[in-house]
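Heads up: the structure comes next, in structure tokens.
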Amino acid sequence: MTCVINREMYMSRIRPFIGKELIKVLTGIRRSGKSVMLELITAQALHDEVVKRVANIDAKAYLFFDEIQNEPQWHQT
């Protein structure tokens, strides 16, 4: 069972930058809630932004995932 702490102070600082042409970097010590912050932003918003940004590029697009092995549907090869 995961306990999600309301991080409204952090979210209110992040929201103005969502959808902007700016690289966002979220840093912190291990187990400080970085992955939870990504979940709070929502997977759909992330998906929509990735699709929009890679639609018109001719080069490779790279996506980096944090702790992907914890996803139940992830299949390691």
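By the neighbour-count criterion of 12 heavy atoms within 6.0 Å, atom NZ of Lys24 is densely surrounded, having more than that number from other residues, nucleotides or ligands. Within 6.0 Å of atom CZ in Arg15, more than 12 heavy atoms from other residues, nucleotides or ligands are found, so the atom counts as buried in its surroundings.
Within the 4.5 Å cutoff, the side chain of Arg53 has heavy atoms near those of the Glu21 side chain.
In terms of heavy atoms, Pro16 sits closest to Ser12 at CD-O, 3.3 Å. Nearest approach of Val25 to Thr27, heavy atoms of both residues: CG1-CG2, 3.6 Å. Nearest heavy atom pair, residue Lys34 against residue Gly28, reads NZ-O, 3.2 Å.
Linking Ile, Leu, Val, Met, Phe, Trp and Tyr residues whenever their side-chain heavy atoms come within less than 4.5 Å places Tyr10 and Leu26 in a single cluster. Two different hydrophobic clusters hold Phe17 and Met9 under the rule that ILVMFWY side chains link at heavy-atom gaps under 4.5 Å.
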